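Beneath this line is the structure, given in structure tokens, with notes to follow.
The model shown is predicted, which means the values in this text are computed figures rather than measured ones.
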Amino acid sequence: MNRPRGTPGGRSRLCFDGWIAGVGTSSGTRVVVGHWQRSPFGPFSDVMVERADGERLLLAPSHRTADFVTGTYGFDVVRVVPVDVSVADDTWTVTAGPLDLRFTAGRRRPAGVLLRAVPGVLAAHPVWAALTNGPAHLLPTHVRTRGRSGARRREWYGVRDVRPIGGVSAVFEGVDLGVMAPVAPPVRFGFGSVPRKPTLTRVTTTVELGRDASRACRLDQVAGNRQR
């Protein structure tokens, strides 16, 4: 699942399997949490924050993951801090440097029930991302499941589950961010945003690297294997 796969054009594809939570707050700050249970870097979580003034912040658990994420998405500030995500029943607690976030995942709606039936193999295929992309399908019209990002990379999001979010509490740098609100305006980290309504989404994300980045990634993995 999480090993690099080659393509005929010499590009590598990296797969990440986990959850993305997107929430808005009445202060205007929007937060996107990635909780990756399987990835080329092992299990990890990261947080993307866009402030009311438009500043985009990445909170990443290591320099290696920070380098990869900033090569794919755009940020104004990057901080390497401990990122901890714990899940108890339907309550998620996220601690990431200056951010303390807690939210509750609600009951699945019909779209979530249908998406849960998607096999993992299909979810990892670009064809599934194409089928769910756009207003005629299961996801909101402004949510894109495929596109191009930084460093000549392409991405596909294979959606496998969707649950509404409720009961949000968030504090950033000691300041309460207020009550839950729509993710509006849309966040500007990459080619698309999370849903406007706060949502927890199960995804298999595929990132196809550019040729130069693909070569660097393979070399980095070789070096990493030698260090173990």
Side-chain angles (χ1 to χ4, degrees), residues 16 18-37 39 41-106 140 142-143 149-151 155 157 162-203 205 207:
F16 300 75
W19 296 84
I20 296 176
V23 301
T25 65
S26 56
S27 68
T29 297
R30 290 136 286 153
V31 181
V32 178
V33 178
H35 181 52
W36 306 107
Q37 294 150 313
S39 85
F41 310 106
F44 77 97
S45 301
D46 64 317
V47 181
M48 305 177 189
V49 179
E50 184 164 351
R51 308 297 300 274
D53 62 5
E55 181 184 66
R56 299 165 300 171
L57 169 68
L58 171 66
L59 304 173
S62 69
H63 290 285
R64 190 181 184 201
T65 54
D67 288 345
F68 179 81
V69 175
T70 55
T72 308
Y73 304 101
F75 300 93
D76 304 301
V77 179
V78 178
R79 298 188 192 178
V80 176
V81 296
V83 180
D84 180 71
V85 176
S86 62
V87 184
D89 296 326
D90 292 326
T91 299
W92 289 57
T93 302
V94 180
T95 303
L99 176 72
D100 291 296
L101 171 69
R102 178 174 292 185
F103 63 85
T104 301
H142 66 280
V143 175
S149 53
E155 288 187 273
Y157 291 86
V162 175
R163 299 179 67 179
I165 285 177
V168 172
S169 64
V171 175
F172 187 83
E173 294 182 337
V175 178
D176 193 312
L177 297 181
V179 299
M180 185 178 73
V183 182
V187 292
R188 302 171 299 113
F189 307 117
F191 61 83
S193 180
V194 293
R196 176 182 170 86
K197 293 183 178 180
T199 302
L200 177 65
T201 307
R202 170 79 187 276
V203 294
T205 301
V207 181

Separation between [atom1] of [X] and [atom2] of [Y], rounded to the nearest 0.5 Å:
X     : Y      : atom1 : atom2 : result
His35 : Phe44  : NE2   : CZ    : 11.0 Å
Leu99 : Thr29  : CG    : OG1   : 9.5 Å
Arg56 : Arg51  : CZ    : CZ    : 14.5 Å
Thr72 : Asp67  : OG1   : CG    : 10.5 Å
Ser26 : Met180 : OG    : CE    : 10.5 Å

Note, Val32 side chain near Phe189 side chain (heavy atom, < 4.5 Å):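 Yes, close enough: below the 4.5 Å cut-off.
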
Pairwise side-chain contact, Val31 with Phe103, heavy-atom cut-off 4.5 Å (strictly under):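 Counting from C-beta outward, Val31 and Phe103 never come under 4.5 Å.
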
Could you give the side-chain donor-acceptor pairs of residues 77-97 under 3.5 Å, partners two or more places apart or in another chain?
| unit_1 | atom_1 | unit_2 | atom_2 | d |
| --- | --- | --- | --- | --- |
| Arg79 | NH2 | Glu173 | OE2 | 3.1 |
| Asp90 | OD1 | Arg163 | NH2 | 3.1 |
| Thr93 | OG1 | Arg102 | NE | 3.4 |

Heavy atoms only: give me the nearest [X]-[Y] pair and the separation to one decimal.
X      : Y      : answer
Ala52  : Arg30  : CA-NH2, 4.2 Å
Ile165 : Ala21  : CD1-CB, 4.0 Å
Pro198 : Ala181 : CG-O, 3.5 Å
Pro61  : Ser45  : CD-O, 3.2 Å
Ala60  : Thr65  : CB-OG1, 4.0 Å
Ala105 : Leu200 : CB-CD2, 3.8 Å

Partner residues of Phe68 under the ring-ring contact (aromatic ring centres under 6.0 Å, His included) criterion, sequence neighbours left out: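 Per chain and number, Phe68 pairs via ring-ring contact (aromatic ring centres under 6.0 Å, His included) with Phe16, Phe41.
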
Results of side chain to side chain donor-acceptor pair (under 3.5 Å) for [X] - residues two or more places apart only:
X      : answer
Thr205 : none
Trp36  : Asp46
Arg188 : Glu50

Pair Thr199-Val162, side chain to side chain contact (heavy atoms under 4.5 Å, CB included): steps then yes or no: CA-CA 7 Å; Thr199 302; Val162 175; 3.4 Å; yes

side-chain hydrogen bond (donor to acceptor under 3.5 Å, both in side chains) evaluation trace for Thr25 with Ser27: CA-CA 5 Å; Thr25 65; Ser27 68; 2.9 Å; yes

Residues that Asp176 engages under salt bridge (charged side-chain N to carboxylate O under 4.0 Å, His left out), provided they are two or more places apart: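 Checked Asp176 against salt bridge (charged side-chain N to carboxylate O under 4.0 Å, His left out); zero matches.
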
